[in-house]
Amino acid sequence: MAQPTPHSGKVALVTGAARGNGLAIAQALARGGATVYLADLDSPLPEIPYPLSHRRTLEDAVETLRAAHPRVYPLICDVRHEDQVRQAIGEIERAQGHLDILVNNAGVLALNPIAEVSEAQWDVQMDVIAKGAFHCCRLALPGMNARGWGRVINIASVAGHRAIGLGVAYTAAKHALIGLTRALAMEVAQQNVTVNAVCPGTVPTPLIEGTAQALHLTAQQALERFSARHLTGRPVSPEDVAAAVVWLASEEAARVTGSSLFVDDGWHVQ
Ligand SMILES: NC(=O)c1ccc[n+]([C@@H]2O[C@H](COP(=O)([O-])OP(=O)(O)OC[C@H]3O[C@@H](n4cnc5c(N)ncnc54)[C@H](O)[C@@H]3O)[C@@H](O)[C@H]2O)c1
């Protein structure tokens, strides 16, 4: 049976897309008919206690997706740097003529008691999560506003609305991302552009595995500990997160803006 194509003719940029939630989101948007650019890093972030992606991770991810979806493209882009974001969005707009869907997914996590959080560790979490989304929005929105259609979807977290233990910088950065989502929704609503957040609970990705190692836990122990607040106790999957993004990016969600869609198995209601 033919797949539904709610995003046919649309062009999407997903940041932090070489693996984890970002890769699942890129795949789901491509399955929906979008042309998808997957952006990720090619340089390590020494302040983060687990390895991030690099050029090879990204190229392998794109190669795998291409088997089923020919219109997927890699972009090396560190979202902390305005010049790199400008270059990436410029490349998309030159090649495709438009960018319609922006998914700010890039994120990093370092859990520490505040006395052990270095200034550099605070900065890198704020810079990737909050400033990175700011750069991408600032440079993508003029085109969306001019064409009178756009979708911005920020991958925040339950930590955008609640505190997580030992996560002062991450919680602050995700709260900032929710603030950005709400303020920007007000600014662009008249242009038929929506801005929403997806707030996952615990998802088994390299971010959780890496954080487990830093806490001297196995990946399974960390997954169980971090999912304990879920109403079923089970983690959610990257595909669950991607399904929320696919809907928010669709025509059906045109009247939903400034919202947080929790994909957290009910963690936030407690
Ligand atoms: N895994 C979870 O339990 C969970 C829960 C809630 C929210 N999230 C959020 O989901 C998003 C994706 O995380 P994930 O769990 O898939 O982790 P992940 O580590 O597997 O993926 C994150 C990706 O972002 C990339 N990245 C990091 N800094 C970047 C930068 N400056 N520029 C471009 N790319 C950068 C990494 O290289 C990596 O490929 C993050 O925003 C994270 O905070 C994850």
| After noting the C-alpha distance and the side-chain angles of I76 and D40, does the key distance pass the side-chain contact (heavy atoms from CB on, under 4.5 Å) rule? | CA-CA 5 Å; I76 295 296; D40 215 299; 5.9 Å; no
| request: Check the pair D265 / T232 against side-chain contact (heavy atoms from CB on, under 4.5 Å), numbers first and verdict last. | output: CA-CA 7 Å; D265 197 27; T232 68; 2.6 Å; yes
| task | Any chance you could lay out the side-chain contact (heavy atoms from CB on, under 4.5 Å) test for C199 and S157, step after step, and finish with the verdict? | result | CA-CA 4 Å; C199 297; S157 167; 5.6 Å; no
| said: Please evaluate residues V152 and N154 with respect to the criterion side-chain contact (heavy atoms from CB on, under 4.5 Å), reporting the C-alpha separation (whole Å), side-chain torsions for both, the decisive distance (0.1 Å), and the verdict. | reply: CA-CA 7 Å; V152 176; N154 296 322; 3.7 Å; yes
| task | Start with the C-alpha distance between K10 and D100, add both sets of side-chain angles, then the distance that settles salt bridge (charged side-chain N to carboxylate O under 4.0 Å, His left out), and finish with yes or no. | result | CA-CA 6 Å; K10 302 289 192 231; D100 311 291; 5.4 Å; no
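Between the CG atom in L223 and the OG1 atom in T211 there is a gap of 11.5 Å [rounded to 0.5 Å]. Atom-to-atom distance recorded for K174:NZ and I164:CD1 is 9.5 Å, nearest 0.5 angstrom. Taking CD of E209 as the reference point, atom CG of L217 lies at 13.0 Å (rounded to 0.5 Å). Taken to the nearest 0.5 Å, the CG atom of L41 stands 9.5 Å off from the OG1 atom of T57. One finds the CG atom of L180 at 8.5 Å from the CZ atom of F134 (value rounded to the nearest 0.5 Å). A distance of 12.0 Å separates CG in N192 from CE in M144, rounded to the nearest 0.5 Å.
What you find for T181 and A197 is that their closest heavy atoms are CG2-N, 3.7 Å. Residue I129 comes nearest to A133 through the heavy atom pair O-CB, 3.6 Å, listed as atom of the first residue, atom of the second, then distance. Across all their heavy atoms, P200 and I155 have their closest contact at CG-CG2, 4.1 Å. Between P44 and P46, the shortest heavy-atom distance links the atoms O-CD, 3.5 Å. Scanning both residues, V14 and G22, for their nearest heavy atoms gives CG1-O, 3.7 Å. Taking each heavy atom of V72 and L65 in turn, the nearest pair found is CG2-CB, 4.0 Å.
Put simply, the side chain of L38 reaches to within 4.5 Å of the side chain of L58, judged on heavy atoms. By the 4.5 Å heavy-atom criterion applied to side chains, C137 and L184 are counted as neighbours. A heavy-atom distance below 4.5 Å is found between the side chains of H98 and R147. Taking 4.5 Å as the limit, every side-chain heavy atom of P238 sits out of range of all side-chain heavy atoms of V241. Between Y37 and I89 there is no side-chain heavy-atom pair separated by less than 4.5 Å. Side-chain contact between T205 and R19 is absent, with no heavy atoms from C-beta onward closer than 4.5 Å. L13 is listed as a side-chain neighbour of I92, based on a closest heavy-atom distance under 4.5 Å. You'll find the side chain of Y73 stays beyond 4.5 Å of the side chain of V36, heavy atoms only.
By the criterion of side-chain heavy atoms lying less than 4.5 angstrom apart, applied directly or through intervening Ile, Leu, Val, Met, Phe, Trp or Tyr residues, L248 is not grouped with V188; the two fall into different hydrophobic clusters. L177 is not connected to V263 by any chain of hydrophobic side-chain contacts under 4.5 Å among Ile, Leu, Val, Met, Phe, Trp and Tyr, and they are in different clusters. When hydrophobic clusters are built by joining Ile, Leu, Val, Met, Phe, Trp and Tyr residues whose side-chain heavy atoms come closer than 4.5 Å, directly or via intermediates, V195 is not grouped with V245. Under the 4.5 Å side-chain heavy-atom criterion for Ile, Leu, Val, Met, Phe, Trp and Tyr, V158 and L109 are members of the same hydrophobic cluster. Y170 and M126 are members of different hydrophobic clusters when ILVMFWY side chains are connected at heavy-atom separations under 4.5 Å.
Using modelled atom types, no side-chain atom of N145 and backbone atom of Q191 make a donor-acceptor pair closer than 3.5 Å. Of the possible donor and acceptor atoms, one in the side chain of D264 sits under 3.5 Å from a partner among the backbone N and O of G266. Checking side-chain atoms of T171 against main-chain N and O of V168 turns up no donor-acceptor pair under 3.5 Å. A donor-acceptor contact shorter than 3.5 Å is absent between the side chain of R31 and the backbone of H69. Under a 3.5 Å cut-off, the side chain of N196 and the backbone N or O of I153 do not form any donor-acceptor pair. D42 places no side-chain N or O within donor-acceptor distance of the main-chain N or O of H54, the cut-off being under 3.5 Å. Remark: side-chain polar atoms of Q125 are paired, donor with acceptor, to backbone N or O of A110 under 3.5 angstrom. Side-chain N or O atoms of S118 include one that pairs as donor or acceptor with a backbone N or O of Q121 at under 3.5 Å. Counting only distance, with no hydrogens or angles, the side chain of T35 and the backbone of V11 share no donor-acceptor pair below 3.5 Å.
In the model, H7 has no side-chain atom that pairs as donor or acceptor with a side-chain atom of S250 under 3.5 Å. When only modelled atom types and interatomic distance are considered, N104 and T15 share no side-chain donor-acceptor pair under 3.5 Å. N21 and N105 share no donor-acceptor pair across their side chains, judged by distance under 3.5 Å alone.
Judged as a salt bridge (Lys or Arg N to Asp or Glu O under 4.0 Å), the pairs with a partner in residues 75-98 (not counting sequence neighbours) are, in order, D78-R80, E82-R86, E82-R138. Listed by first and then second residue, the salt bridge (Lys or Arg N to Asp or Glu O under 4.0 Å) pairs involving residues 224-249 amount to none (not counting sequence neighbours).
Atom CD of Q221 sits in a crowded spot, with more than 12 heavy atoms from other residues, nucleotides or ligands closer than 6.0 Å. More than 12 heavy atoms of other residues, nucleotides or ligands sit less than 6.0 Å from atom CD of Q270. The environment of CD in E252 is sparse: at most 12 heavy-atom neighbours from other residues, nucleotides or ligands sit within 6.0 Å.
Relative orientation of the F262 and H268 rings is parallel, given thresholds of 30° and 60° on the angle between their planes.
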